[in-house]
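Below is one structure, written out as structure tokens; the observations come after it.
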Amino acid sequence: MPCGAPLLDVAAGTGRLARYLQQHHYRVVAVDYSWPMLACARAAQSAPLVQADAFALPFASGVFAGVAALRFAFHWRDLAPLLTELRRVAAPGAPLVLDTYVWTPRARIALGARRWGGKIFTHHPMAVRAQAARLGLAVEAAVPCFLCSPYVYRRLPLRATQLLERLETAVPPTWLARVFWRFRRCEG
Ligand SMILES: C[S@@+](CC[C@H](N)C(=O)[O-])C[C@H]1O[C@@H](n2cnc3c(N)ncnc32)[C@H](O)[C@@H]1O
């Protein structure tokens with residue numbers, strides 16, 4: 001891995017992850033397609049911001065010590081193009097972090113998808129694992145969470161959210177809606 005290499009936050013939105021990583025003394029580069037999102041990110045943190053397409057990143061191969069793309073992968077039916085591009089810019093051995101939905105009513109509601117942040121696709125965890133293996137990504141962690149949409153959690157009083165979080169540990173993990181993945185780019 002390149003010495004002192006930065007992390008890459010892909011589809012960074014308002015830069016909340018980049019900000020968090022900076023606060024923890026990591027070097028970060030944030031990328032988003034949208035100028036308005038980048039403007040919000042600029043107001044909130046000081047990481048270098050790049051306007052670019054996540055599927056054609058303007059970086060050399062293998063230069064980032066870690067790559068994250070949160071709340072983004074589930075907008076794409078086929079994960080292969082995204083995983084391929086994230087893997088390309090990650091240094092050999094670097095972690096890649098992203099999240100997918102196993103189920104969500106939002107995957108079935110075409111009407112209103114625009115208002116609620118765009119179309120959502122679900123991905124069976126076994127299919128994600130198989131895809132990752134084909135692309136030279138080892139699965140290091142797959143953490144299921146959320147009994148229902150995280151947007152519901154956000155709107156509930158804290159006590160109710162805490163109750164849901166306790167319930168998450170009591171039900172079979174396959175019932176949970178979302179999976180957070182940590183892959184590692186295999187050498188080569
Ligand atoms: C739901 S937001 C997630 C933002 C951030 N990762 C977070 O978790 O708060 C999705 C972001 O993806 C960006 N986006 C959509 N298509 C993109 C693309 N092809 N390349 C880069 N960014 C893209 C949007 O502009 C938006 O900021």
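Numbers here simply count residues along the sequence, with the first being 1. The figures here come from the full heavy-atom set of this structure, side chains too, leaving out hydrogens, waters and symmetry mates. Note that ligands are numbered from 1 as they come in the structure, with each ligand's atoms numbered from 1 the same way.
- Atoms of ligand 1 found under 4.0 Å from any heavy atom of Gly13, numbered from 1 in the order shown, are 4 (C), 27 (O).
- Separating the CG atom in Leu79 from the OG1 atom in Thr84 is a distance of 10.0 Å, to the nearest 0.5 Å.
- In Tyr20, the OH atom is not crowded: 12 or fewer heavy atoms of neighbouring residues, nucleotides or ligands sit closer than 6.0 Å.
- Between Ala52 and ligand 1 there is a heavy-atom distance shorter than 4.0 Å.
- Between Thr14 and ligand 1, no N or O atom pair is found at a separation short of 3.5 Å.
- Interatomic distance, CZ of Arg27 versus CD of Gln22, reported as 11.0 Å (0.5 Å rounding).
- Of the polar atoms of Leu70, at least one N or O is found under 3.5 Å from an N or O of ligand 1, judged by distance alone.
- In terms of N/O distances under 3.5 Å, ligand 1 is not approached by His75.
- Compare Met37, Arg71, Gln51 by their heavy atoms: the one nearest to atom 10 (C) of ligand 1 is in Arg71.
- The minimum heavy-atom distance between Leu176 and Cys145, with the atom names listed, is CB-O, 3.7 Å.
- Looking at Phe72 next to ligand 1, no N or O pair under 3.5 Å apart turns up.
- A donor-acceptor pair under 3.5 Å links the side-chain atoms of Tyr153 to the main chain of Leu147, judged by distance alone.
- Shortest non-hydrogen contact noted between Ala90 and Val67 is CB-CG2, 3.9 Å.
- Considering both main-chain and side-chain atoms, Tyr33 comes within under 3.5 Å of ligand 1 through a nitrogen or oxygen pair.
- Close contacts between ligand 1 and Ser34 involve ligand atoms 25 (O) [criterion: under 4.0 Å to a heavy atom].
- Residue contacts with ligand 1: Ala11 is placed with a nitrogen or oxygen under 3.5 Å of a nitrogen or oxygen of the ligand (distance criterion only).
- At a 3.5 angstrom cut-off on N or O pairs, Arg16 counts as close to ligand 1.
- Counting only distance, with no hydrogens or angles, the side chain of Arg88 and the backbone of Phe59 share a donor-acceptor pair below 3.5 Å.
- The nearest pair of heavy atoms linking Leu82 to Ala54 is CD1-CB, 4.2 Å.
- Close approach of ligand 1 to Asp53 is summarised as follows: ligand atoms under 4.0 Å from at least one heavy atom of the residue are 18 (C), 19 (N), 20 (N).
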